Amino acid sequence: MNTRAITDFASQFGVQIALNLDLMVEKTGRFYLVNPALKPLVRQDFFSAGVFLGKAKEGKFFPSFNLLGMLAKKEANRIILDRKAAWLFICGRDVLRKSIVRIQGPGKKDTNTLVFNEFGECLGFGRIVEKLSGAAGDNEIAVRNVLDIGDFLRRER
Amino acid sequence: MSGKEFFTSRYERLGWQYREVTLKQAIRINNTNAKGKKLLPRLESLGVHIQKIPFLDSGYWVLDSKVSAGATAEYLLGMYSIQEAAAQIPVSLFTHLKGKKALDVAAAPGGKTVHLADLMENTGGIVALDVDKWRLNALVNHLERCRVSNAVVYMLDARQASTLDLKFDRVLVDAPCSGNFASDRDWFKNRTLKDVERNAGLQREILTEAVDCLSDEGEMVYSTCSLEPEEDELNMDWAIKNLNLQIEEVYCSGEKGVTNVFGKQLDPSIKHCRRLWPGETQGFFVCKLKKRSPKP
């Protein structure tokens with residue numbers, strides 16, 4: 001199984017993840033990680049199994065929130081937002097520079113960053129489109145929203 | 001044979017006087033995800049006022065709320081699920097879930113599967129079945145939102161569960177049923193006794209298959225949100241007489257199962273079932289079963 005899409009995605013956040021291939025299952029480009037007790041229950045015709053990590057489609061990788069959670073535990077690059085911005089991010093909005101309370105990692109333009117709330121919970125991730133600190137206007141969009149947990153509501157509409 | 005008068009007169013004969021009810025919204029805290037998160041004060045600060053449901057371990061009534069309880073960050077992070085109070089009972093009746101192999105035969109939209117995973121603390125394995133692809137997507141989203149890691153989902157009819165060729169320590173049969181008037185405003189208009197009987201037949205087929213999947217020492221919980229005895233006590237009476245099952249005593253909210261249904265005397269152990277008439281909760285029926293031990 002080629003899990004490079006996953007490890008490449010993780011490296012965009014400055015972390016390396018090692019996946020135990022014995023516990024990975026893949027179906028039509030969708031990757032799952034199962035625990036040893038679950039593995040004997042997984043037949044080929046499953047609909048979903050264990051922890052969904054994301055799907056690879058047409059050369060692109062679409063991560064799951066489980067995968068983002070795994071990266072979050074590994075000190076991946078992140079920004080922490082104030083309460084109002086955290087809510088707006090969940091509603092699909094981009095992040096203004098002035099809403100960023102803290103930055104962990106280099107915060108370089110054109111890289112990805114996890115987005116956290118004040119409680120240290122990962123709400124999704126975004127693409128850094130402007131430098132995260134400095135003199136430029138505070139009302140400038142600094143991080144474009146790529147994926148946020150509000151997706152759970154939007155995807156069932 | 002249908003209509004409000006027809007059904008409410010049946011309830012009266014079973015010992016309950018019909019009255020209209022308004023259901024309160026309820027949530028169930030997913031303790032695995034909410035641990036250490038100070039969820040209750042966080043909800044309070046959002047204007048979600050909740051009150052512990054006395055007969056549930058992790059259930060709370062939503063008394064009033066400034067925001068939708070289904071659209072908070074805490075909800076989206078899987079710290080709690082919106083789940084009707086009575087629906088929180090079935091999974092709580094299983095004992096010693098950690099590390100076990102569990103089967104949820106009609107799992108979508110996944111409220112009880114997530115409850116199982118929470119009580120299992122994501123150990124062991126759950127096999128969750130459903131037949132409808134749209135409902136399966138809802139189930140999978142629910143599992144992902146609540147960070148469930150110990151479940152495998154199959155698009156499979158509960159009546160074919162034995163094709164998995166597996167034996168399970170715990171089997172949940174939250175059977176497809178006719179529902180009840182408390183959670184469906186048009187229930188009396190839309191339901192006939194024929195529908196009820198058809199569902200009761202389907203439930204028997206599912207029960208038969210589920211028993212095949214249950215290990216000898218395993219526990220099975222059967223539940224419906226139907227008030228109709230054909231789907232409840234009569235089915236349990238049939239199950240103990242035909243499927244080598246026995247009914248276990250349970251300690252939960254609800255009245256004793258009815259042992260005389262419209263003049264038909266049922267097995268006395270049916271009293272160990274629990275029937276929840278609408279009021280604090282929707283209408284509900286739940287029963288715990290085990291395989292009868294072979295006689296020495």
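Just so it is clear, the values below take in all heavy atoms, side chains as well, and ignore hydrogens, waters and symmetry mates. Protein chains get the first letters and strands the later ones, always in sequence-line order, with residue 1 at the start of each. Note that the coordinates shown come from a computational prediction; the quantities given were computed from them, not determined experimentally.
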Original post:
Does atom NE2 of B:His96 have more than 12 heavy-atom neighbours, drawn from other residues, nucleotides or ligands, at distances under 6.0 Å?
Top reply: no
**OP:** Step through the shown structure and confirm whether more than 12 heavy atoms of other residues, nucleotides or ligands are within 6.0 Å of CZ on A:Arg4.
**Re:** no
Original post:
With a 4.5 angstrom heavy-atom cut-off, which part of B:Asn137 approaches chain A: side chain, backbone, both or neither?
Top reply: both
**OP:** Can you tell which part of A:Cys91 gets under 4.5 Å to a heavy atom of chain B, answering side chain, backbone, both or neither?
**Re:** neither
Original post:
Considering residues, nucleotides and ligands other than A:Asp110, do more than 12 of their heavy atoms fall under 6.0 Å from its CG?
Top reply: yes
**OP:** Just give me the residue among B:Leu77, B:Val140, B:Leu166 that pairs up with chain A most often, heavy atom to heavy atom, under 4.5 Å.
**Re:** B:Leu77
**OP:** Would you check, one step at a time, whether the test side-chain contact (heavy atoms from CB on, under 4.5 Å) holds for A:Phe47 with B:Lys133?
**Re:** CA-CA 9 Å; A:Phe47 189 84; B:Lys133 194 171 180 189; 4.2 Å; yes
Subject >> More than 12 heavy atoms of other groups within 6.0 Å of B:Lys52 NZ >> reply: yes
Original post:
Any idea which heavy atoms bring B:Ser149 and A:Val51 closest together, and the distance?
Top reply: CB-CG2, 3.3 Å
Original post:
Heavy-atom distance under 4.5 Å to chain A: side chain of B:Ala71, backbone, both or neither?
Top reply: both
**OP:** Answer with side chain, backbone, both or neither: which region of A:Asn117 has an atom nearer than 4.5 Å to a non-hydrogen atom of chain B?
**Re:** side chain
Original post:
When you measure from the side chain of B:Tyr154 to the backbone N and O of A:Arg43, does any donor-acceptor pair fall under 3.5 Å?
Top reply: yes
Subject >> Heavy-atom contact with chain B under 4.5 Å, split by part of A:Ile90 >> reply: side chain
**OP:** Mark yes when over 12 heavy atoms from residues, nucleotides or ligands other than B:Asp132 sit less than 6.0 Å from its CG; otherwise mark no.
**Re:** yes
Original post:
More than 12 foreign heavy atoms under 6.0 Å from CZ of A:Arg102: is that the case here?
Top reply: no
**OP:** For chain A, find which of B:Leu139, B:Val153, B:Leu143, B:Ile126 contributes the most heavy-atom pairs closer than 4.5 angstrom.
**Re:** B:Val153
Original post:
Sub-3.5 Å donor-acceptor pair from the side chain of B:Glu144 to the main-chain atoms of A:Phe52, do we have one?
Top reply: no
**OP:** Identify which part of B:Ala151 has an atom lying under 4.5 Å from any heavy atom of chain A, answering side chain, backbone, both or neither.
**Re:** backbone
**OP:** Flag the one option from B:Leu164, B:Val148, B:Leu156 with the top tally of heavy-atom pairs under 4.5 Å to chain A.
**Re:** B:Leu164
Subject >> Check against side-chain contact (heavy atoms from CB on, under 4.5 Å), A:Phe65 and B:Arg147 >> reply: CA-CA 8 Å; A:Phe65 292 100; B:Arg147 309 294 198 263; 4.0 Å; yes
Subject >> Ionic contact status for B:Arg42 with A:Glu121, cut-off 4.0 Å >> reply: yes
Subject >> Neighbour count above 12 (heavy atom, 6.0 Å) for A:Lys57 NZ >> reply: no
Original post:
Quick one: CD1 on A:Ile149 to CZ on B:Arg145, what's the gap to the nearest 0.5 Å?
Top reply: 10.0 Å
Subject >> Portion of A:Val34 that has a non-hydrogen atom of chain B nearer than 4.5 angstrom >> reply: neither
Subject >> Best-contacting candidate, A:Ala37, A:Pro40, A:Gly50, A:Ser48, against chain B by heavy atom pairs under 4.5 angstrom >> reply: A:Ser48
Original post:
Can you say whether B:Lys101 sits under 4.5 Å from chain A via the side chain, the backbone, both, or neither, judging by heavy atoms?
Top reply: side chain
Original post:
What's the shortest heavy-atom distance between B:Val152 and A:Ala49, and which atoms?
Top reply: CG2-CB, 3.9 Å
